[in-house]
Amino acid sequence: MSLKAGDSFPKDVTFSYIPWSEESSSINSCGIPINYPASQKWADKKVVLFALPGAFTPVCSANHVPEYIAKLPELRAKGVDQVAVLAYNDAYVMSAWGKANGVTGDDILFLSDPDAKFSKSIGWADEEGRTYRYVLIIDHGKVIYAAKEAAKNSLDLSSAGNVLKQL
């Protein structure tokens, strides 16, 4: 079952993450993973959730995440309350990746989809258990845009530039 525009975002979706904090802002600090109840937290927000095959990978690190960081003010100006990046990597890796990209606070949440559970549930994970590269725009619990890239290293439909056109 893949998600499409008009669908409700599934209930009880929970990811894992490590909240950013000043005391654990160093890339050498770990923090403690906690659950992030996405369905609950995003019920009354406009959210851009973009997923990718893995943290610290070439297209993801060189283009995908940096573009969202650069275009965050434009996304906010279009009414986006939360931007989140999702990968199958564990919360420690995702937290370190956020720090390596200089992301602080909750500007962009670096969320873990353990075992690609959510991505598999919508049919958007590969046979190795990695998330595909995709994007969801969720507006107050409703999916208003959903797109999966045709190829692992393709960056078109899920790019921040394309998302801005969809808002």
Side-chain angles (χ1 to χ4, degrees), residues 3 5 9 13 15-31 33 36 38 41-42 44-113 116 118-119 122 124-126 130-140 142-167:
L3 289 176
F9 187 71
V13 173
F15 301 118
S16 177
Y17 91 123
I18 298 174
W20 187 90
S21 68
E22 189 68 45
E23 54 274 357
S24 65
S25 62
S26 165
I27 200 162
N28 296 325
S29 300
C30 290
Y36 184 85
K41 295 255 189 193
W42 298 343
D44 296 321
K45 294 181 178 176
K46 185 182 277 189
V47 177
V48 172
L49 173 66
F50 68 103
L52 34 79
F56 296 105
T57 56
V59 173
C60 307
S61 290
N63 300 104
H64 212 172
V65 168
E67 183 190 21
Y68 273 93
I69 292 169
K71 294 194 180 295
L72 189 58
E74 293 173 66
L75 292 163
R76 296 270 194 243
K78 293 266 192 169
V80 173
D81 299 301
Q82 185 66 68
V83 175
V85 57
L86 182 70
Y88 83 103
N89 299 95
D90 67 37
Y92 295 108
V93 171
M94 294 303 287
S95 174
W97 199 30
K99 293 172 189 177
N101 278 282
V103 176
T104 59
D106 63 356
D107 287 345
I108 297 176
L109 299 177
F110 283 72
L111 303 174
S112 171
D113 185 8
F118 172 73
S119 299
I122 63 170
W124 287 358
D126 68 18
R130 289 179 177 253
T131 53
Y132 282 136
R133 190 178 308 280
Y134 63 86
V135 65
L136 300 173
I137 301 174
I138 306 153
D139 192 353
H140 292 79
K142 289 284 184 198
V143 175
I144 62 170
Y145 180 72
K148 178 177 76 72
E149 298 289 356
K152 186 182 276 188
N153 290 326
S154 177
L155 182 54
D156 180 34
L157 301 173
S158 64
S159 71
N162 185 57
V163 165
L164 282 165
K165 294 175 189 173
Q166 307 304 320
L167 292 168

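Because only heavy atoms are used, hydrogens play no part in the values below, and waters and symmetry mates are left out as well, while side chains stay in.
Contact of the Trp97 side chain with the Val65 side chain is registered, since non-hydrogen atoms from C-beta on lie closer than 4.5 Å. Residues Tyr68 and Val103 have side chains not in contact (no heavy-atom distance under 4.5 Å, counting atoms from C-beta outward). Taking 4.5 Å as the limit, some side-chain heavy atom of Val135 sits within range of a side-chain heavy atom of Val48.
Rounded to the nearest 0.5 angstrom, Ile137 CD1 and Lys46 NZ are separated by 8.0 Å. The structure places NZ of Lys148 at 12.0 Å from CZ of Arg133, a figure rounded to the nearest 0.5 Å. A distance of 11.0 Å separates OG in Ser16 from CG in Leu86, rounded to the nearest 0.5 Å. Taken from CZ in Phe110 to CG in Asn89, the straight-line distance is 11.5 Å, to the nearest 0.5 Å. Taken from CD1 in Ile108 to CG in Asn101, the straight-line distance is 8.0 Å, to the nearest 0.5 Å. Between the CG atom in Leu49 and the CD1 atom in Ile138 there is a gap of 5.5 Å [rounded to 0.5 Å].
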Does the side-chain contact (heavy atoms from CB on, under 4.5 Å) test come out yes or no for Tyr134 and Ile122, once each step is laid out?
CA-CA 11 Å; Tyr134 63 86; Ile122 63 170; 4.1 Å; yes
For the pair Trp124 and Leu136, evaluate side-chain contact (heavy atoms from CB on, under 4.5 Å) and give the outcome as yes or no after the intermediate values.
CA-CA 12 Å; Trp124 287 358; Leu136 300 173; 4.1 Å; yes
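Applying the side chain to side chain donor-acceptor pair (under 3.5 Å) test to every pair with at least one member in residues 158-167, sequence neighbours left out, gives these pairs: His64-Ser158, Tyr145-Asn162, Glu149-Ser158, Asn162-Gln166.
Of all heavy-atom pairs between Gly54 and Ala87, the closest is CA-CB, 4.3 Å. When all heavy atoms of Asp90 and Val93 are compared, the closest pair comes out as OD1-N, 2.9 Å. Across all their heavy atoms, Pro33 and Gly31 have their closest contact at CD-O, 4.0 Å.
For the side chain to side chain donor-acceptor pair (under 3.5 Å) test, no residue two or more places apart in sequence or in another chain qualifies with Tyr17. In this structure, the ring-ring contact (aromatic ring centres under 6.0 Å, His included) partners of Trp42, at least two apart in sequence or on a different chain, are Phe9, Tyr36. The side chain to side chain donor-acceptor pair (under 3.5 Å) test applied to Tyr88 returns Arg130, not counting sequence neighbours. By the salt bridge (Lys or Arg N to Asp or Glu O under 4.0 Å) test, Asp126 pairs with Lys152, sequence neighbours left out.
Listed for the Thr131 side chain is a donor-acceptor partner under 3.5 Å among the backbone atoms of Leu52.
Remark: of the listed residues Ile18, Val85, Leu109, Val85 is the sole one forming a side-chain contact (heavy atoms from CB on, under 4.5 Å) with Met94.
Side chains of Ser119 and Asp113: a donor-acceptor N/O pair is present below 3.5 angstrom, by distance only.
Residue Lys41 qualifies as open at atom NZ: its count of foreign heavy atoms under 6.0 Å is 12 or below.
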Please list, one pair per line, the donor and acceptor atoms closer than 3.5 Å that link side chains of residues 70-80 to other protein atoms, with sequence neighbours excluded.
unit_1	atom_1	unit_2	atom_2	d
Arg76	NH1	Val80	O	3.4
Arg76	NH1	Asp81	O	2.8
Arg76	NH2	Asp107	O	3.2

